[in-house]
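This report concerns only the one structure given below.
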Protein chains: 2
Amino acid sequence: MVTASRGISIGQLAKATGVNLETIRYYESIRLMPPPPRTRGGHRAYDRTHVQRLAFIRHARELGFGIEDVRALLRLAEPDRRSCAEVRDIASAHLAAVRAKLTHLVALERILDGTVERCSGEQVPICPILDMLGRPS
Amino acid sequence: MVTASRGISIGQLAKATGVNLETIRYYESIRLMPPPPRTRGGHRAYDRTHVQRLAFIRHARELGFGIEDVRALLRLAEPDRRSCAEVRDIASAHLAAVRAKLTHLVALERILDGTVERCSGEQVPICPILDMLGRPS
DNA sequence: CCTGCATCCCGTAGCTACTACGGGTTCAAG
DNA sequence: CTTGAACCCGTAGTAGCTACGGGATGCAGG
């Protein structure tokens, strides 16, 4: 069981946040997570603030924010440092990027769908898929 | 000017296909493009078949096919090796992946849009974006 | 022929965001 | 105190390129 006085181990933090253990160490190495205190034996001992921070990071990553965006959002989330305008700038820039990707994927879906549909699957001299890929321009 | 007798240089191939010169060398290193003949001085000398192959690769990559898929498609595009069914399998698997990504991005767009919309941009005690990111679960 | 400069050569390292490996240490339950 | 799970760290691998740098080559003009 968890003994609160000894802190939260990296494995427990991983389970609590759904973030891979190796990823937590990676986040520490890139200074996205602060280096936590250690036990006598050198094991990481986290506390509730680390759980919160990592959960925040996970949510942001799930929403597709890049690491540098997350870093900026974390800075802006600090008390007395809150600048909602900057936060919104980051979020809306990301939203625009998502929309661009979306547009791209929709176009892509249409082409693939149209081509696959025209493919009979039989051994015919002309395959519409290969045809499309091989055509100039 | 292009002197056909001396072959097409890697730079000309790059321009002709819109593929980055470094990328062409990379494709050669992973055996996606065959090693072309060289000039006395060691410069790559391509011909029309290389242009076709690279154009095919570029189209497939633009449609989001992974390198290994492209490799398979190229094999299946060889004469007497055409198996339209296999081609369709690759393409429809990719289509499914695209649709999954699409679904994901749509959901993501909705969340971001909803949150950004609720953000006034003013210095308020509660920022809906940070709030969303910081909330548990 | 020769100069000058664009192009090309190759190997290596960097990018994003992790994930995996492996040999050794520590923790905690029984 | 034993034992096995969990943790340590450094390194390398993933996709798919892109960038860098120092040197060799190609080609057009003089």
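Residue numbers begin at 1 in each chain, while the letters A, B, ... track the order of the sequences. Every heavy atom of this structure was used, including side-chain atoms; hydrogens, water molecules and symmetry mates were not.
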Side chain A:Arg88, main chain B:Cys127, donor-acceptor under 3.5 Å
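No; judged by distance alone, with no hydrogens or angles, the pair does not exist.
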
Looking at A:His94 and A:Leu63, would you say the former's side chain and the latter's main chain have a donor-acceptor pair under 3.5 Å?
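Present.
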
Heteroatom pairs (N/O) under 3.5 angstrom, protein to nucleotides 13-16 of chain D:
residue: D:dG16; atom: OP2; partner: B:Ile67; partner atom: N; Å: 3.4
residue: D:dG16; atom: O3'; partner: B:Arg61; partner atom: NH2; Å: 3.4

d([atom1], [X]; [atom2], [N]) in whole Å:
| X | N | atom1 | atom2 | value |
| --- | --- | --- | --- | --- |
| A:Tyr46 | D:dC7 | OH | P | 10 Å |
| A:Arg31 | C:dA17 | CZ | C1' | 18 Å |
| A:Glu62 | C:dA17 | CD | C1' | 15 Å |
| B:Ile24 | C:dC9 | CD1 | C1' | 14 Å |
| B:Glu28 | C:dC8 | CD | P | 14 Å |
| B:Leu21 | D:dT18 | CG | C1' | 12 Å |
| B:Ile8 | C:dT7 | CD1 | P | 17 Å |

Sequence neighbours excluded, which residues qualify as ring-ring contact (aromatic ring centres under 6.0 Å, His included) partners of A:Tyr46?
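Result, ring-ring contact (aromatic ring centres under 6.0 Å, His included) vs A:Tyr46: A:His50.
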
Closest approach of A:Ile8 and A:Leu13, non-hydrogen atoms and distance?
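Taking every non-hydrogen atom into account, CG2-N, 3.7 Å.
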
Nearest atoms (heavy-atom pairs only) where A:Pro128 meets A:Thr115:
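The answer is O-CG2, 3.5 Å.
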
Does anything in residues 27-43 of chain A form a side chain to side chain donor-acceptor pair (under 3.5 Å)? List the pairs, not counting sequence neighbours.
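Matches after skipping sequence neighbours: A:Glu28-A:Arg44.
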
By salt bridge (Lys or Arg N to Asp or Glu O under 4.0 Å), which residues pair with B:Arg58, not counting sequence neighbours?
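B:Arg58 satisfies salt bridge (Lys or Arg N to Asp or Glu O under 4.0 Å) with B:Glu62 once adjacent residues are dropped.
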
Please identify each residue that fulfils salt bridge (Lys or Arg N to Asp or Glu O under 4.0 Å) with A:Arg71, with sequence neighbours left out.
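Applying salt bridge (Lys or Arg N to Asp or Glu O under 4.0 Å) to A:Arg71 gives A:Glu68.
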
Out of D:dT18, D:dC7, C:dC10, whichever nucleotide has its closest atom nearest the side chain of B:Arg38
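Of all the options, the side chain of B:Arg38 is nearest to C:dC10.
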
When we call it a touch if two heavy atoms are under 4.0 Å apart, what does B:Ile30 touch: a base, just sugar-phosphate, or nothing?
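Nothing, no heavy atom under 4.0 Å.
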
I need a per-nucleotide contact map over nucleotides 21-27 of chain C, read 5' to 3'. Cutoff is protein heavy atoms under 4.0 Å; write B for the base, S for backbone only, - otherwise.
B----SS

Taking only the side-chain nitrogens and oxygens of A:Arg44, find out if one of them lies under 4.0 Å from OP1 or OP2 of D:dC7.
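Looking at the OP1 and OP2 atoms of D:dC7, neither is under 4.0 Å from any side-chain N or O of A:Arg44.
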
B:Ser9 side-chain N/O to C:dC8 phosphate OP1/OP2 under 4.0 Å:
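The answer is yes; a side-chain N or O of B:Ser9 sits under 4.0 Å from OP1 or OP2.
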
Please examine the side chains of A:Leu21 and A:Lys15, heavy atoms only from C-beta on, and report whether any two atoms are closer than 4.5 Å.
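No, every pair of side-chain atoms sits at 4.5 Å or beyond.
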
